[in-house]
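Notes follow once the structure below has been shown.
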Amino acid sequence: MSHPKSAIPFFAVVILERWGYYGVRGLFILFIISEIVAPREFAVVAVEWGALMIALGYLAGGLVCRISNPKLVSLIGLGIQTIATFIIAFSYGKEMARLGYILMGFGTGLLRTSILPFLGQIYQRSKLLDSAVQVNYIMSNLGGFLGGLVIGIV
């Protein structure tokens, strides 16, 4: 109860970001296999490229956060993820879907790297920072679980 009010939207973004990533990942594979009728190997390679882009996004996000504002990097990462979701949703071919998923991975890397420095800015050396990091990881895991479960059921 003693956490800053600005932490509530932050944790909401964390849970929604993980929900979106894990939900879109499952939908992406199903979309590639069933709607585009691409071979399963194409979907696996596309997911591998997405994982590579997450790693590169972590690297880029870490470097940019050192010289820039973590809040700005978070917003850019979230914006890239949003654009990628629309590209996947409205793509009619496997190449556009793969591009969307690769962008999703890069946006995820940027956002996930900048979350902890951004959290540090919200709490500004408060004694509550340790519990805020725990809440961050709880929201992240909860969002990933619910995203995969609910989107998978739907």
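All values below were derived from every heavy atom in this structure, side-chain atoms included, with hydrogens, water molecules and symmetry-related copies excluded.
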Any side-chain heavy-atom pair of [X] and [Y] under 4.5 Å:
| X | Y | result |
| --- | --- | --- |
| I80 | F106 | yes |
| L52 | W49 | yes |
| W19 | I15 | no |
| T82 | M104 | no |
| I138 | F11 | no |

Could you tell me the separation between the [atom1] atom of [X] and the [atom2] atom of [Y], rounded to the nearest 0.5 Å?
| X | Y | atom1 | atom2 | value |
| --- | --- | --- | --- | --- |
| Q81 | L111 | CD | CG | 5.5 Å |
| I122 | I8 | CD1 | CD1 | 11.0 Å |
| Y137 | R18 | OH | CZ | 11.0 Å |
| L103 | I87 | CG | CD1 | 5.0 Å |
| L110 | L72 | CG | CG | 10.5 Å |

Determine whether [X] and [Y] fall in the same hydrophobic cluster, where Ile, Leu, Val, Met, Phe, Trp and Tyr are linked whenever their side-chain heavy atoms lie under 4.5 Å apart.
| X | Y | result |
| --- | --- | --- |
| L99 | Y101 | no |
| I76 | V64 | yes |
| L63 | I54 | no |
| L78 | V73 | no |
| Y123 | V14 | yes |

Which atom names give the shortest non-hydrogen contact between T113 and G109, and what distance separates them?
-> OG1-O, 2.7 Å

So which heavy atom on G100 is nearest to which on A84, and how close?
-> O-CB, 3.0 Å

Mark yes or no for whether S140, through its side chain, and N136, through its backbone, hold a donor-acceptor pair below 3.5 Å.
-> no

